[in-house]
Number of protein chains: 2
Amino acid sequence: MLPKLDPTDRAILAALQSDASQSLDSIAERLNVSLNTVWRRVRRLETEAVIEKRVALIDNEKIGLPLTAFVQIRTDNHSEEWASDLTAAVNAIPEIVEFYRLAGDVDYILKMMIASVADYDRVYQQLISRVQIYNVSASFAMEKLKFTTELPL
Amino acid sequence: MLPKLDPTDRAILAALQSDASQSLDSIAERLNVSLNTVWRRVRRLETEAVIEKRVALIDNEKIGLPLTAFVQIRTDNHSEEWASDLTAAVNAIPEIVEFYRLAGDVDYILKMMIASVADYDRVYQQLISRVQIYNVSASFAMEKLKFTTELPL
DNA sequence: TTTGAAATGGATTCGGC
DNA sequence: GCCGAATCCATTTCAAA
């Protein structure tokens, strides 16, 4: 199931997940392989969807969303239907950027990017207006100490 | 402090954070402005660091890191030194992709991308070998329901 | 000072070997 | 895997508003 990745593939992935604006040429030179090789590997990694997409990362503070909040959700309703309602509600709210179902005590965790604590309430109201939630607890980030989209290879 | 962003800037940011591989030409056409205008706006957004970087997003499952864990940390040591030791330790561990200091009961939360629960233990041991931690609780994601780097504009 | 049209040069794409 | 042609695209220049 997992695509085979040799050291060259991994080096290319490492390069592109760190900086996707660099030219294939410069990667080829750094890895001591031909441009053509890099190009073919990248194309393969894209068709296999190892590379999901290329995106620009935007500074959340510069666009007026300095606050990150984590919200833990517990439910007393473990039906499929409730779960898919919650997922649909979350997907409709762009401030919620991550959402996971958890093992254990807390059922779900989500992360939201917001302007302020008042803005948290606005998003929270949006969420609970769409789906019945049993128990919510929010934690606000005082300081972002690390954030990266780079995965270890 | 916040850069002024007009609707064209926001539309360009929205386009690039959704797909940075599209040409400036196609964005220009879609927004009904000239290529030149888009190019200048992008350059300005880059020099102002509203656009932080361009990256390739990699499928964590395809590279053998299917598990996401959230780790909540409480400390009894609130010194500056301990905090900076923790941050240094976290920065040295590539499996830890996000790390925040929180307001409230839990002092820190971090997110890690790992191969398995056994792999969680390996990373956890690395962390506690570098810094004394009072209380840790980990939650494992059973299901990733939403993940995006796109911020609302 | 801002805009768009057009030219340049560099990077990507993809065939053939 | 390597070369090279064709294409595409970012970047610069320049003229006009």
Side-chain angles (χ1 to χ4, degrees), chain A residues 1-64 147-151 153, chain B residues 1-64 148-153:
Chain A
M1 200 62 255
L2 296 184
K4 295 269 176 291
L5 300 174
D6 70 14
T8 301
D9 292 323
R10 289 177 192 279
I12 291 169
L13 289 173
L16 290 178
Q17 75 174 163
S18 147
D19 177 9
S21 69
Q22 65 193 309
S23 72
L24 299 187
D25 240 347
S26 67
I27 295 172
E29 199 175 350
R30 194 138 25 81
L31 302 185
N32 285 314
V33 295
S34 73
L35 167 62
N36 197 282
T37 296
V38 175
W39 182 74
R40 271 171 220 282
R41 300 297 185 105
V42 169
R43 195 182 48 168
R44 186 179 136 253
L45 293 166
E46 274 168 345
T47 56
E48 286 176 335
V50 177
I51 296 173
E52 285 182 343
K53 58 192 318 205
R54 293 143 184 277
V55 303
L57 298 182
I58 294 176
D59 185 325
N60 58 296
E61 297 195 2
K62 295 247 167 74
I63 59 167
F147 174 87
T148 182
T149 57
E150 292 182 50
L151 303 177
L153 294 160
Chain B
M1 200 62 252
L2 297 184
K4 294 268 176 289
L5 301 174
D6 70 14
T8 302
D9 292 323
R10 289 179 191 278
I12 291 169
L13 289 173
L16 290 178
Q17 75 173 163
S18 147
D19 177 10
S21 70
Q22 65 192 307
S23 72
L24 299 189
D25 238 346
S26 67
I27 295 172
E29 199 176 350
R30 196 139 23 83
L31 303 186
N32 285 314
V33 295
S34 74
L35 166 62
N36 203 292
T37 296
V38 175
W39 184 80
R40 266 196 287 263
R41 300 296 185 106
V42 169
R43 192 184 49 173
R44 187 181 133 251
L45 292 165
E46 274 167 345
T47 56
E48 286 176 338
V50 177
I51 296 173
E52 285 181 343
K53 59 193 316 206
R54 291 143 185 277
V55 302
L57 297 182
I58 293 176
D59 185 326
N60 57 296
E61 298 194 2
K62 296 246 167 74
I63 59 167
T148 181
T149 57
E150 292 181 50
L151 302 178
L153 295 160

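In what follows, chains are A, B, ... by sequence order, proteins preceding strands, each numbered from 1.
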The helix from dT1(C)-dA17(D) to dC17(C)-dG1(D): angle between terminal helix axes, five bp per end, to the nearest 10 degrees, reads 10°
The side chain to side chain donor-acceptor pair (under 3.5 Å) partners of Ser18(A) (sequence neighbours excluded) come to none
Inset, instruction - Please assess Glu150(A) against Val55(B) for the test side-chain contact (heavy atoms from CB on, under 4.5 Å), listing each intermediate value before the final yes or no. - result: CA-CA 9 Å; Glu150(A) 292 182 50; Val55(B) 302; over 6 Å; no
Its contact letters, B for base, S for sugar-phosphate only and - for none at protein heavy atoms under 4.0 Å, make nucleotides 6-17 of chain C read -----SBSBBB-
Looking only at heavy atoms, the pair that brings Ser23(A) and Ser26(A) closest together is O-OG, 2.8 Å
- Quick one: is Ser34(A) getting a side-chain N or O under 4.0 Å of the dC2(D) phosphate, OP1 or OP2? yes
Handout entry: Glu29(B) atom CD, over 12 foreign heavy atoms within 6.0 Å
Key = no
Ala56(A) and Ala20(B) have their tightest heavy-atom pair at N-CB, 3.6 Å
- prompt: With side chains defined as the heavy atoms from C-beta onward, is the minimum distance between Arg40(A) and Asn36(A) less than 4.5 Å?
  reply: yes
Per-pair distances, 0.1 Å, donor-acceptor, side chain in residues 6-14 of chain A, under 3.5 Å, sequence neighbours excluded:
{"from": "Asp6(A)", "atom 1": "OD1", "to": "Thr8(A)", "atom 2": "N", "distance (Å)": "2.9"}
{"from": "Asp6(A)", "atom 1": "OD1", "to": "Asp9(A)", "atom 2": "N", "distance (Å)": "2.8"}
{"from": "Asp6(A)", "atom 1": "OD1", "to": "Arg41(A)", "atom 2": "NH1", "distance (Å)": "2.9"}
{"from": "Asp6(A)", "atom 1": "OD2", "to": "Arg41(A)", "atom 2": "NH1", "distance (Å)": "2.9"}
{"from": "Asp6(A)", "atom 1": "OD2", "to": "Arg41(A)", "atom 2": "NH2", "distance (Å)": "3.2"}
{"from": "Asp9(A)", "atom 1": "OD1", "to": "Arg41(A)", "atom 2": "NH1", "distance (Å)": "2.9"}
{"from": "Asp9(A)", "atom 1": "OD2", "to": "Asp6(A)", "atom 2": "N", "distance (Å)": "3.1"}
{"from": "Asp9(A)", "atom 1": "OD2", "to": "Arg44(A)", "atom 2": "NH1", "distance (Å)": "3.4"}

Per side chain to side chain contact (heavy atoms under 4.5 Å, CB included), Ile51(B) is matched among Gln17(B), Glu46(B), Arg43(B) by Glu46(B)
CD1 (Ile27(A)) and CG (Asp19(A)) are apart, to the nearest 0.5 Å, by 8.0 Å
From CZ of Arg44(A) across to C1' of dG1(D) the rounded distance in Å is 15 Å
Are any of Thr37(B)'s side-chain N or O atoms less than 4.0 Å away from OP1 or OP2 of dG4(C)? yes
Under-3.5 Å N/O pairs linking protein and nucleotides 15-17 of chain D:
none

In a table with atom names and distances, give each donor-acceptor pair under 3.5 Å that connects a side chain of residues 57-64 of chain A to protein atoms at least two apart or in another chain.
{"from": "Asp59(A)", "atom 1": "OD1", "to": "Glu61(A)", "atom 2": "N", "distance (Å)": "2.8"}
{"from": "Asp59(A)", "atom 1": "OD1", "to": "Lys62(A)", "atom 2": "N", "distance (Å)": "3.3"}
{"from": "Asn60(A)", "atom 1": "OD1", "to": "Lys144(A)", "atom 2": "NZ", "distance (Å)": "3.1"}
{"from": "Asn60(A)", "atom 1": "ND2", "to": "Leu65(A)", "atom 2": "O", "distance (Å)": "2.9"}
{"from": "Lys62(A)", "atom 1": "NZ", "to": "Glu48(B)", "atom 2": "O", "distance (Å)": "3.2"}

